[in-house]
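Structure first, commentary second.
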There are 2 protein chains.
Amino acid sequence: MKLSTKGRYGLRAVLDLAVNYGQGQVSIRAIADRQKISEYYLEQLFKKLRKAGIVQSIRGAHGGYVLNRSPDEITAYEIIRILGETIEISECIEATTCSNIDSCATRPLWIRIKQSIDAVLKTTTLQDMVDDYKKITISKDGGQDE
Amino acid sequence: MKLSTKGRYGLRAVLDLAVNYGQGQVSIRAIADRQKISEYYLEQLFKKLRKAGIVQSIRGAHGGYVLNRSPDEITAYEIIRILGETIEISECIEATTCSNIDSCATRPLWIRIKQSIDAVLKTTTLQDMVDDYKKITISKDGGQDE
DNA sequence: TTTAATGTTGACAAAATTAGTCTGATTTCT
DNA sequence: AGAAATCAGACTAATTTTGTCAACATTAAA
């Protein structure tokens, strides 16, 4: 059970924007370079984020992307959902009834797991993650720039 | 993000044994019929469970499988792990350091999610699940047999 | 107004993983 | 001996994920 790269790469990319929030747009190429993710692949992810209103695109020369809201108003939950990740574990969670009555012995467990995952995602904002990250890098060494 | 069938089918199969605990062995065919899972596929899963000591096999005619411990001493966590599910979300959780320093901005989140999933799985025994299941079926109607 | 950089879109291909099947052997009970 | 079950491992099929590409549209700077 693993989150797909959609969720993992996408969150890293958005976090890149969050770090640069307030300092103008960031191009996909810059993110691709820093995060070591294919430029083409990132485009796919940003398409979804833009349609959902998380980011705003600035086209033309020296264009790029900007967060549409402040990082402390965007949760990890939103990003993950928009990118199309399903934290379902099993299909029967969304359905109101199981097709297979026997399989329902496991259903309450899947539901509790989903709830616990959602709780973590919903209470974590991009700002929280940026803060955590800065704390780590600063404690490692003086906080380098490049 | 979904648990693979290994985990979902496997847990259902073991639960079938838990329901019949104390009443002798259960054959793979009987479980396959009840749970609507391929007999061949189940064999693969029971192979792992046997090697890990969760179940005991009784070979020959009228053979089958039996739980090796009481259902309230076996957690969902054990079953899931033995069947080879990795609740890792991202590779970097097991590793002591991330190869990509930038990606680490997401790492604390993945770790917290993993911990919350593990907490649910570790505190749920097979007996808990059987009890939940019985409660549901009884409340639906008088508790049918077939 | 031209040009260059960038975003936009949809289709496609490669790779990896998961799911499932099959064959044949062994064991045990009747 | 024969039937019914597990045991073992190889193999294939299907699906999903991941990544690439080409053509086009838009914008900003020169």
Side-chain angles (χ1 to χ4, degrees), chain A residues 1-13 17 24-33 35-66 68 80 83-91 103, chain B residues 1-14 16-17 20 24-33 35-68 80 83-91 103:
Chain A
M1 185 166 107
K2 213 171 71 175
L3 215 63
S4 74
T5 54
K6 285 203 291 283
R8 288 182 286 133
Y9 291 2
L11 196 50
R12 272 165 57 195
L17 292 187
Q25 63 269 35
V26 181
S27 75
I28 280 198
R29 177 164 300 172
I31 298 177
D33 282 351
Q35 305 290 342
K36 307 275 184 292
I37 302 171
S38 151
E39 204 176 323
Y40 299 119
Y41 197 50
L42 274 183
E43 284 180 3
Q44 287 185 14
L45 305 181
F46 273 91
K47 196 188 304 180
K48 292 183 184 178
L49 293 168
R50 189 181 54 79
K51 281 182 181 168
I54 293 289
V55 300
Q56 191 183 333
S57 72
I58 293 161
R59 304 182 64 162
H62 303 297
Y65 286 94
V66 184
N68 232 347
I80 295 288
L83 293 172
E85 287 286 353
T86 57
I87 316 271
E88 296 309 319
I89 295 148
S90 184
E91 294 87 357
S103 77
Chain B
M1 185 167 105
K2 214 172 70 175
L3 217 63
S4 74
T5 54
K6 286 203 292 279
R8 289 182 286 134
Y9 291 4
L11 196 51
R12 273 164 58 193
V14 173
D16 199 305
L17 292 188
N20 293 300
Q25 64 269 38
V26 181
S27 74
I28 279 195
R29 177 163 300 172
I31 298 177
D33 283 350
Q35 306 289 343
K36 307 276 185 291
I37 301 172
S38 152
E39 204 176 324
Y40 299 120
Y41 197 48
L42 273 183
E43 282 183 3
Q44 286 186 15
L45 305 181
F46 273 91
K47 201 187 299 183
K48 291 184 186 179
L49 293 168
R50 186 179 55 79
K51 283 182 180 169
I54 293 289
V55 300
Q56 189 181 334
S57 72
I58 293 158
R59 302 183 65 164
H62 304 296
Y65 288 94
V66 184
L67 284 185
N68 235 346
I80 295 289
L83 292 172
E85 287 286 354
T86 55
I87 317 268
E88 297 308 320
I89 296 149
S90 183
E91 295 87 356
S103 76

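First the proteins, then the strands, lettered A, B, ... as listed; each starts at 1.
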[X] vs [N]: side-chain N/O to OP1/OP2 distance below 4.0 Å:
{"X": "T5(B)", "N": "dA19(C)", "value": "yes"}
{"X": "Y9(A)", "N": "dT18(D)", "value": "no"}
{"X": "R50(B)", "N": "dC7(D)", "value": "yes"}
{"X": "S4(A)", "N": "dT17(D)", "value": "no"}
{"X": "S27(A)", "N": "dG7(C)", "value": "no"}
{"X": "S57(A)", "N": "dG7(C)", "value": "no"}

Options dG7(C), dG20(C), dT6(D), nucleotide nearest the side-chain atoms of I28(A): dG7(C)
Nearest-neighbour nucleotide for the R29(B) side chain, dG20(C), dT6(D), dA5(D) considered: dA5(D)
Sugar-phosphate, base or nothing in reach of Y65(A), heavy atoms under 4.0 Å: sugar-phosphate
Touch class at under 4.0 angstrom, heavy-atom based, for G60(A) against every strand present: base
Side chains of Q56(B) and Q25(B) in contact at under 4.5 Å (non-hydrogen atoms): no
Heavy-atom check, side chain of E85(A) versus side chain of S4(A), under 4.5 Å: yes
Nearest-nucleotide comparison on DNA chain D, the residue closer to the 5′ end among A61(A) and E85(A): E85(A)
Given DNA chain D, 5'-ward residue of the pair L3(A) and H62(A), judged by closest heavy atom: L3(A)
Could a donor-acceptor pair under 3.5 angstrom be found where the side chain of [X] meets the base of [N]?
{"X": "K47(B)", "N": "dG9(D)", "answer": "yes"}
{"X": "R59(A)", "N": "dA28(D)", "answer": "no"}
{"X": "Q44(B)", "N": "dT21(C)", "answer": "yes"}

Residue among L45(A), L42(A), I37(A) satisfying side chain to side chain contact (heavy atoms under 4.5 Å, CB included) with I31(A): L42(A)
Separation between CG of L17(A) and CG of N68(A), rounded to the nearest 0.5 Å: 11.0 Å
G64(A) or K2(A), whichever maps to the more 5' nucleotide of DNA chain C: G64(A)
